There are 2 protein chains.
Amino acid sequence: MSVSTSTENHDVMGQPPMDVSVYMHALGKAARGASTALRRCDSGVKNAALAAMARHLDASRDAVLAANARDLQRGRDSGLDAALLDRLALDSSRIETMIEGLRQVASLPDPVGEIDAMQYRPSGIQVGKMRVPLGVIGIIYESRPNVTLEAASLCLKSGNACILRGGSEARESNAAIGACIQSALAETGLPMGSVQVVATTDRAAVGELIRMTEFIDVIIPRGGKSLIERISREARVPVIKHLDGVCHVYIDATADRHKALDIAVNAKTHRYGTCNTMETLLIDAPVAAELLPELASAYASHQVELRGCERCREILPQALPATEEDWAAEYLAPVLAIKVVDGIEEAMDHIDRFGSHHTDAIVTQDYGLARRFMAEVDSSSVIINASTRFADGFEYGLGAEIGISTDKLHARGPVGLEGLTTQKYVVFGDGQVRQ
Amino acid sequence: MSVSTSTENHDVMGQPPMDVSVYMHALGKAARGASTALRRCDSGVKNAALAAMARHLDASRDAVLAANARDLQRGRDSGLDAALLDRLALDSSRIETMIEGLRQVASLPDPVGEIDAMQYRPSGIQVGKMRVPLGVIGIIYESRPNVTLEAASLCLKSGNACILRGGSEARESNAAIGACIQSALAETGLPMGSVQVVATTDRAAVGELIRMTEFIDVIIPRGGKSLIERISREARVPVIKHLDGVCHVYIDATADRHKALDIAVNAKTHRYGTCNTMETLLIDAPVAAELLPELASAYASHQVELRGCERCREILPQALPATEEDWAAEYLAPVLAIKVVDGIEEAMDHIDRFGSHHTDAIVTQDYGLARRFMAEVDSSSVIINASTRFADGFEYGLGAEIGISTDKLHARGPVGLEGLTTQKYVVFGDGQVRQ
């Protein structure tokens, strides 16, 4: 078991330390080369590669589960917490879900090659915009080994080469899944550089990856805020990301009472650890006294701790006093901040000041307020009369999601296959020249 | 005339040195506040502001021309070259063009608020993507003072606040145009922070602007390569840009002879200093001996210097030998590199290796080669049987252009009003919660 005792400077295959910079540049060069082949690749070949990945994973269940067992053992030995071990763990049903995921991605329409808005111009040329792959995508993620396959499948389907850098705690699982992917690429005749799993756990590999502007077109980091902050700060390659999900639900005085309760409870309690979970509830003063006690009892049944502004605590004395920090907090836990506001202006000002521009919802029966909230709240998802939990690639019909972006350039909100592509102008002429 | 003798550390109004960081942060904060108002602003108000700008500019011709005359005098005194002085100069007809430009931007459709791809999902929610302003745009440019008005009008129409930093050689012209813009904003009731012309020529202002991530959403630099390289390297705010326009025309063996000649001559000689001008001609070996002499005589009549590969020089001994540097050169001058290639593969490999992914064209009558070139060349504009000079916002029907981007994220190719916006997801529900 030399593998599980290898140091951080040894790669997952137990090889001696290597020059990380040389290694990463070799991966980058191979990816760049592969991206040229993938750009030319038709949908049939890409779907065949996805089907081959599913077959190879199916045939390699034992090897993948054995590798995962070694990762888990090493994780337990080094004292990883239960939540992390849960994210790391694979079992037969999770592998089934991964295989099903591959089939779903294969069944999605291929975004590459679509031409939009083709029109004749007075000069006689025709101009349109063609959807094309970004090129090479670097993905940096933490413990969940199923991300390796998900990310590989979405990048491949969208015609991009990718370099995948998973967490060191999942290194054997990722290597085993990577072997299945490589076998599938070989079988389909696609270059090995199409999908590459970084085989070193040396942290310097991340530093190289995010600075190789000649080989990498975009970096997508998935993981905790500190990882993403560090990557955003140090990257020379453009990054698609979100840092925080400080999401709000604003209950307006005209809101339907039952819908307001359902949405406010669901947005907080459906799942606590997700980025589209509500972290602050804003409630319009005229209905606060009526709705807050009922909400509080619903939250109490879910053991949600409440932290309120002063006006909230006049109605709910059991709530803890909220501090300035609470308004900006992403709890990712059964904790909720509550603020009583005087109307939509104060609500939107609060969202603008403390929110993270991720997902914000209003509950209202007033047409004008719904229209204003939709136009004026500057978040990647703006929701009227539904739970913030809907901000998700599957729920939005993207078929799959590689992450959620709160950036303004390029992809914003849930990022699916289209977010992994760009557009170029295509012009058809018949000998035209500029006058 | 204290103004024209002020030092670089004094602002254009002759005020004493200020703390540039404090000043730029004040501009940033005002812009951020204004962007909230502009986001809410309907098309009528924005168009009224554009009309008011036109009126104020018309009424202030004398003041603007006098300021420009002082800039020109200072430029001549400090030895600016003739080309720069020409770009700096305003006259009655250039002011007329600026006024006409404002009217054109007012007449363009407002991209803000458009909702695309609205669909019902199985959960019962409706999901669509709404086009919204980016927020605050910083524009950094060189000598041409008309950019001040163009940039202001495009940013305003797309609902963005902007901070404009022109070249120090145009500081009085820019201040005079800025005064017209401010009067128009005041008259229309829009915040003064909507359009701000940086009133210091201190270079540190640029450094502040490109790092104020809390206030600025995107930087658009317009100017020489060294300016743009420096900004890209040092910016913390995302940058939309192009560095080079190393554009190619590839004449395939099946090309229509007359179209090939017209396009190759127009792409080089229509204008020399523009980024979409052809810099390298690639010609398929079977037709090189027939076409090159005729091309050479056309170029000779335009005094274009030719630099050829060895095979080219066997046909055109008068061409200078091209070196490796010539293949990557953006001459912006009457100079052309010519390479004889063996077919489309070698042409596309050359374009991929030496091009700048700006604009590349093929001349061919072969359907399959046209289709391949269109799909496989990874440039912001790919053109079949027309001149590279068509890569332009007006020619493409965008109505106006703030620049051309060779970046892959967000806007690519000519950037018009739509490129100054982003999309957010909007969800309409009726009380739905996640199951």
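Here the structure is a predicted model, which is why all the values come from computation and not from measurement. Every chain is numbered from 1 and lettered A, B, ... according to where its sequence line falls, protein lines coming before strand lines.
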Asks: Please classify the contact of Ser232(A) with chain B as side chain, backbone, both or neither, using a heavy-atom distance under 4.5 Å.
Replies: backbone
Asks: Which atoms of Val132(B) are under 4.5 Å from chain A, going by heavy atoms: the side chain, the backbone, both sets, or neither?
Replies: side chain
Asks: Please name the pair of heavy atoms, one in Val427(A) and one in Tyr396(B), separated by the smallest distance, quoted to 0.1 Å.
Replies: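 That would be CG2-OH, 3.4 Å.
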Asks: Show, in sequence, the C-alpha distance, side-chain angles and deciding distance for Arg39(A) and Glu376(B), and conclude whether the salt bridge (Lys or Arg N to Asp or Glu O under 4.0 Å) test is met.
Replies: CA-CA 7 Å; Arg39(A) 197 161 66 220; Glu376(B) 296 177 20; over 6 Å; no
Asks: What closest approach, in Å, do His270(A) and Gln435(B) show between heavy atoms, and which atom pair accounts for it?
Replies: NE2-O, 3.0 Å
Asks: If you look at every heavy atom in Gly429(B) and Ala386(A), which pair is closest and at what distance?
Replies: CA-CB, 4.2 Å
Asks: Considering only heavy atoms and a distance below 4.5 Å, find which of Thr359(B), Thr421(B), Ile263(B), Val363(B) pairs most often with chain A.
Replies: Ile263(B)
Asks: State, to 0.1 Å, how close Thr422(B) and Lys408(A) come at their nearest heavy-atom pair, and which atoms those are.
Replies: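 Taking Thr422(B) first and Lys408(A) second, the nearest heavy atoms are OG1-O, 2.7 Å.
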Asks: Given a strict heavy-atom distance threshold of 4.5 Å, which part of Val426(A) is in contact with chain B: side chain, backbone, both, or neither?
Replies: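 Both parts, heavy atoms under 4.5 Å.
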Asks: In terms of heavy-atom pairs under 4.5 Å with chain B, which of Val218(A), Asp256(A), Thr388(A), Asp378(A) leads?
Replies: Asp378(A)
Asks: For Asp392(A), which atoms come within 4.5 Å of any heavy atom of chain B: side chain, backbone, both, or neither?
Replies: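 The answer is the side chain of Asp392(A).
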Asks: Among residues two or more places apart or on two chains, list those pairs meeting side chain to side chain donor-acceptor pair (under 3.5 Å) that have a residue in residues 113-130 of chain B.
Replies: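 For residues 113-130 of chain B, and leaving out neighbouring residues, the side chain to side chain donor-acceptor pair (under 3.5 Å) pairs sorted by first residue read Asp116(B)-Gln423(B).
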Asks: Flag the one option from Ala370(A), Ala361(A), Ala375(A) with the top tally of heavy-atom pairs under 4.5 Å to chain B.
Replies: Ala375(A)
Asks: Of the listed residues (Ala411(B), Pro133(B), Gly397(B), Pro238(B)), which shares the most heavy-atom pairs with chain A below a 4.5 Å separation?
Replies: Gly397(B)
Asks: Just wondering, are more than 12 heavy atoms of other shown residues or ligands nearer than 6.0 Å to CZ in Arg371(B)?
Replies: no
Asks: Between Val382(B), Ile240(B), Val127(B), which residue shows the highest count of heavy-atom pairs closer than 4.5 Å to chain A?
Replies: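 So the answer, after comparing Val382(B), Ile240(B), Val127(B), is Val382(B).
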Asks: Asp217(A) versus Leu409(B): any side-chain heavy-atom pair under 4.5 Å?
Replies: no
Asks: So, do Asp352(A) and Arg32(B) sit near enough that their side-chain heavy atoms are less than 4.5 Å apart?
Replies: no
Asks: Measure distances from Ser379(A) to the heavy atoms of chain B and classify the residue's part below 4.5 Å as side chain, backbone, both or neither.
Replies: backbone
Asks: Sort Arg233(A) into side chain, backbone, both or neither according to what part of it lies under 4.5 angstrom from a heavy atom of chain B.
Replies: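 Contact with chain B is through both the backbone and side chain of Arg233(A).
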Asks: Can you see which heavy atom on Asn266(B) is nearest to which on Arg434(A), and at what distance?
Replies: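 Smallest interatomic distance, heavy atoms only, reads ND2-O, 2.8 Å.
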Asks: Can you say whether Pro414(B) sits under 4.5 Å from chain A via the side chain, the backbone, both, or neither, judging by heavy atoms?
Replies: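 Looking at Pro414(B), backbone and side chain both touch chain A.
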Asks: Which answer fits Asp430(B), side chain, backbone, both or neither, if we ask what part of it has an atom under 4.5 Å from a heavy atom of chain A?
Replies: both
Asks: Take Arg389(A) and Val433(B), measure what side-chain contact (heavy atoms from CB on, under 4.5 Å) needs, and give me the verdict at the end.
Replies: CA-CA 8 Å; Arg389(A) 287 282 297 135; Val433(B) 297; over 6 Å; no
Asks: Would you mind telling me which of Lys424(B), Met348(B), Arg271(B) has the largest number of heavy-atom pairs within less than 4.5 Å of chain A?
Replies: Lys424(B)
Asks: Let me know if Leu398(A) has heavy atoms under 4.5 Å from chain B in its side chain, its backbone, both or neither.
Replies: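 The side chain, not the backbone.
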Asks: Below 4.5 Å from any heavy atom of chain A, which atoms of Ile125(B) appear? Answer side chain, backbone, both or neither.
Replies: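 When you check distances to chain A, only side chain atoms of Ile125(B) fall under 4.5 Å.
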Asks: Is Met374(A) in contact with chain B via its backbone, its side chain, both, or neither, using a 4.5 Å heavy-atom distance?
Replies: both
